[in-house]
Number of protein chains: 2
Amino acid sequence: MALTIKDIASMAGVSKGTVSRVINNNPEGVSEETREKILKLIDEVGYVPNKMARSITVAETKTIGLIIPDVQNPFFPQVIRGVEDCAMENGYTVFLCNSDSDIKKEQKYLYTFLEKRVDGIIINTSGDLNDRKLTTLIHKSNIPIVILDRKIKELSRYPGVYVDNARAAREGVSYLIENGSSNIAYIAGVKDVYTVEERLKGYCMALEDRGIILNKKYISYGGYNIQSGYERTREMLSHNPEIDGIFAGCDTIAIGVLKALRELNKKVPDDIQLLGFDNITMSGEMVPPITTVSQPMYDMGYQAARMLLASIQDKTIHQADQYLETVLMIRESTGNKHVRKEI
Amino acid sequence: MALTIKDIASMAGVSKGTVSRVINNNPEGVSEETREKILKLIDEVGYVPNKMARSITVAETKTIGLIIPDVQNPFFPQVIRGVEDCAMENGYTVFLCNSDSDIKKEQKYLYTFLEKRVDGIIINTSGDLNDRKLTTLIHKSNIPIVILDRKIKELSRYPGVYVDNARAAREGVSYLIENGSSNIAYIAGVKDVYTVEERLKGYCMALEDRGIILNKKYISYGGYNIQSGYERTREMLSHNPEIDGIFAGCDTIAIGVLKALRELNKKVPDDIQLLGFDNITMSGEMVPPITTVSQPMYDMGYQAARMLLASIQDKTIHQADQYLETVLMIRESTGNKHVRKEI
DNA sequence: GTGAAAGCGCTAACAG
DNA sequence: CTGTTAGCGCTTTCAC
């Protein structure tokens with residue numbers, strides 16, 4: 001149906017090889033004259049080279065696969081954008097796949113990536129792949145992979161880009177304590193997820209630093225959504241009215257927490273200080289604006305892609321894990337209670 | 001390097017054809033016995049069929065391309081998810097591309113899709129493609145396309161899924177008027193964008209319905225972000241302090257508007273009513289929750305994909321444009337001023 | 001500088 | 001039921 005290199009060759013009265021050299025911008029092996037003639041012809045007749053066919057012979061697709069739990073979670077659009085920008089700058093196109101943190105879907109997508117011979121994969125999962133055969137296939141395929149944000153046991157041999165969640169959480173929770181909170185709840189994300197556990201470590205360390213004894217009742221696991229943050233906060237406060245600080249597992253949860261506090265007539269930060277995590281755009285637009293641990297989301301995506309492209313280009317070098325910096329964004333949901341009360 | 005169908009064939013002592021029949025689940029033409037033998041072998045040695053190679057011979061890639069302005073705009077994640085879900089359910093993988101509404105990038109991506117021989121394209125652009133040659137290539141390629149949300153002049157021959165922006169805006173603005181506003185500003189999106197102009201029509205109709213004369217000073221065009229909504233509102237109110245209602249071009253803008261109103265100590269809705277558009281998650285979480293025109297974003301994506309897959313399967317049928325329903329989500333940023341004042 | 005030929009991994013008749 | 005053959009559209013030696 002569509003024009004092929006063969007058509008162009010015969011139309012131009014040259015061989016396929018020559019046309020091939022031209023469309024690949026092969027600098028040598030073709031005279032300026034014929035090159036221009038062919039280029040002009042291609043333009044006139046509207047020939048679009050079939051990259052699929054090229055890919056099969058050169059064994060590279062200029063395509064990378066990206067698996068994330070869900071684009072609808074506000075954390076991801078920025079990292080996706082980082083990945084895509086870097087990919088695009090280097091001539092790669094990206095397959096975007098939402099796994100819903102469902103192992104079955106992750107497996108399916110990974111296998112599809114293998115079938116489609118993507119040049120590399122960036123993946124953010126909730127935990128383990130749990131499929132010995134798949135991981136074997138992946139290893140054997142020799143395809144470069146970089147892990148994003150959450151470590152994966154079966155894929156521990158691959159490099160990744162992370163943030164020091166424990167350190168960041170420790171810093172944030174310490175700030176809460178410094179500003180007068182001592183009964184701090186951790187309205188966390190899903191149990192057993194790497195980042196959730198790391199942040200728990202940080203939370204515990206901060207308490208320990210100040211000699212505050214950990215109260216397990218103050219920890220609640222659940223979904224990464226507003227509703228879940230809202231419900232768990234109401235639940236938490238009904239049982240533990242003494243709570244005067246809340247560390248939310250992510251900003252989306254924090255927004256739900258804030259909603260609950262508003263309904264319960266708790267003043268933020270006077271009655272209860274609130275700390276989020278991520279620094280999604282909306283966290284700064286709430287009333288009050290939420291203090292949060294800012295993650296370099298765009299950069300995480302961008303760096304992951306850079307790393308991946310580097311391993312694609314040189315499969316022999318072993319990339320080292322990369323840890324990006326977080327910064328505590330102090331806004332109005334936290335603050336020194338004593339100072340405030342004195343006003 | 002990797003195993004090929006040929007390797008499997010020789011290992012199993014059969015021909016490539018037989019292996020091909022097995023991996024394609026071709027129901028006939030192969031005995032249960034050899035089928036199982038081959039399947040077992042494939043599993044043991046870890047062979048992953050090369051879909052690239054398959055694609056070139058069967059002329060289908062099971063891939064679709066999706067172009068949107070920017071994943072980071074909260075409107076898109078849901079539509080992307082709708083597209084992806086439908087694609088995935090039907091065995092397709094999607095290329096996600098962010099164009100930033102930049103014609104050059106749109107052209108580049110479109111050309112890449114042609115080169116990679118995607119089976120279909122879903123596109124949301126800001127306006128015209130402005131590239132006669134490209135559109136010719138697209139037409140000649142005979143590739144199915146569906147337009148998403150915004151009509152495109154050069155691609156008017158393709159079907160799309162839309163919302164009746166004019167009707168929706170008219171309904172929303174009418175609601176503002178019914179509740180006592182008469183000096184209503186339209187803090188719009190980017191000028192000349194299809195949806196922006198359609199909503200303007202609705203705004204004008206609503207005014208006309210009630211005999212309110214259009215004041216052009218009340219219309220402001222600008223970016224789809226919080227900052228822009230914020231700045232334009234301050235500007236607008238400084239020149240036109242009589243304004244008692246604002247129709248924001250989208251919810252992101254509305255959030256910026258709200259921020260400005262808060263700073264200016266304008267009570268919402270008592271002093272100024274606020275109406276948004278889209279119904280992104282956060283619009284319901286603001287204080288006060290924003291009344292907005294709810295668009296079925298996920299469904300728009302899902303239906304666009306359905307439509308596309310239908311045209312892929314049957315290139316001869318001509319799909320009709322599809323208009324999805326909006327609903328006015330009445331929340332607390334609007335309300336009857338007189339009733340409120342009487343309280 | 002250019003053409004011819006072989007081959008990439010797979011599918012699709014066509015025989016038998 | 002299975003093997004053989006001829007491509008699919010392109011790249012890549014290797015001669016000339």
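Every chain is numbered from 1 and lettered A, B, ... according to where its sequence line falls, protein lines coming before strand lines.
Legend: side-chain hydrogen bond (donor to acceptor under 3.5 Å, both in side chains) pairs involving residues 138-147 of chain B, not counting sequence neighbours, sorted by first then second residue: B:His139-B:Arg157. Among pairs with a residue in residues 49-88 of chain A, none fulfils ring-ring contact (aromatic ring centres under 6.0 Å, His included), at least two apart in sequence or across chains.
Annotation: ring-ring contact (aromatic ring centres under 6.0 Å, His included) contacts of A:Phe95 (sequence neighbours excluded): B:Phe95. For A:Tyr323, the ring-ring contact (aromatic ring centres under 6.0 Å, His included) criterion is met by A:Tyr162, not counting sequence neighbours. Shown here are the salt bridge (charged side-chain N to carboxylate O under 4.0 Å, His left out) partners of A:Lys104, two or more places apart in sequence or in another chain: there are none. The side-chain hydrogen bond (donor to acceptor under 3.5 Å, both in side chains) check on A:Asn98 picks up B:Glu84, with sequence neighbours excluded. Partners of B:Tyr109 by ring-ring contact (aromatic ring centres under 6.0 Å, His included), not counting sequence neighbours: none found.
Protein atom CG of A:Asn26 is 16 Å distant from nucleotide atom P of D:dC10, rounded to whole Å. Rounded to whole Å, atom C1' of D:dT11 lies 9 Å from atom CD1 of A:Ile23.
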Let me have DNA chain C in dot-bracket notation, would you? Count Watson-Crick plus G-U wobble pairs, both distances under 3.5 Å, and use [ ] for pairs crossing earlier ones and | for inter-strand partners. ||||||||||||||||
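Looking only at atom types and distance, the side chain of B:Arg132 has a donor-acceptor partner in the side chain of B:Thr135 under 3.5 Å away.
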Between protein and nucleotides 1-9 of chain D, map the contacts as a letter string: B base, S sugar-phosphate only, - none, heavy atoms under 4.0 Å, written 5' to 3'. SBBB--BBB
Using residues 58-66 of chain B as the side-chain source, report each donor-acceptor pair under 3.5 Å to any protein atom, sequence neighbours left out, with the distance given to one decimal.
{"unit_1": "B:Thr61", "atom_1": "OG1", "unit_2": "B:Arg117", "atom_2": "O", "d": "2.9"}
{"unit_1": "B:Thr61", "atom_1": "OG1", "unit_2": "B:Asp119", "atom_2": "OD1", "d": "3.2"}
{"unit_1": "B:Thr63", "atom_1": "OG1", "unit_2": "A:Lys116", "atom_2": "NZ", "d": "3.0"}
{"unit_1": "B:Thr63", "atom_1": "OG1", "unit_2": "B:Thr61", "atom_2": "O", "d": "3.0"}

When the side chains of residues 302-309 of chain B are checked against the rest of the protein, which donor-acceptor pairs come out under 3.5 Å, sequence neighbours left out?
{"unit_1": "B:Tyr302", "atom_1": "OH", "unit_2": "B:Glu89", "atom_2": "OE1", "d": "2.4"}
{"unit_1": "B:Gln303", "atom_1": "OE1", "unit_2": "B:Gln322", "atom_2": "NE2", "d": "3.4"}

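A 4.0 Å heavy-atom criterion places the boundary nucleotides of DNA chain C facing chain A at C:dG1 to C:dG9, written 5' to 3'.
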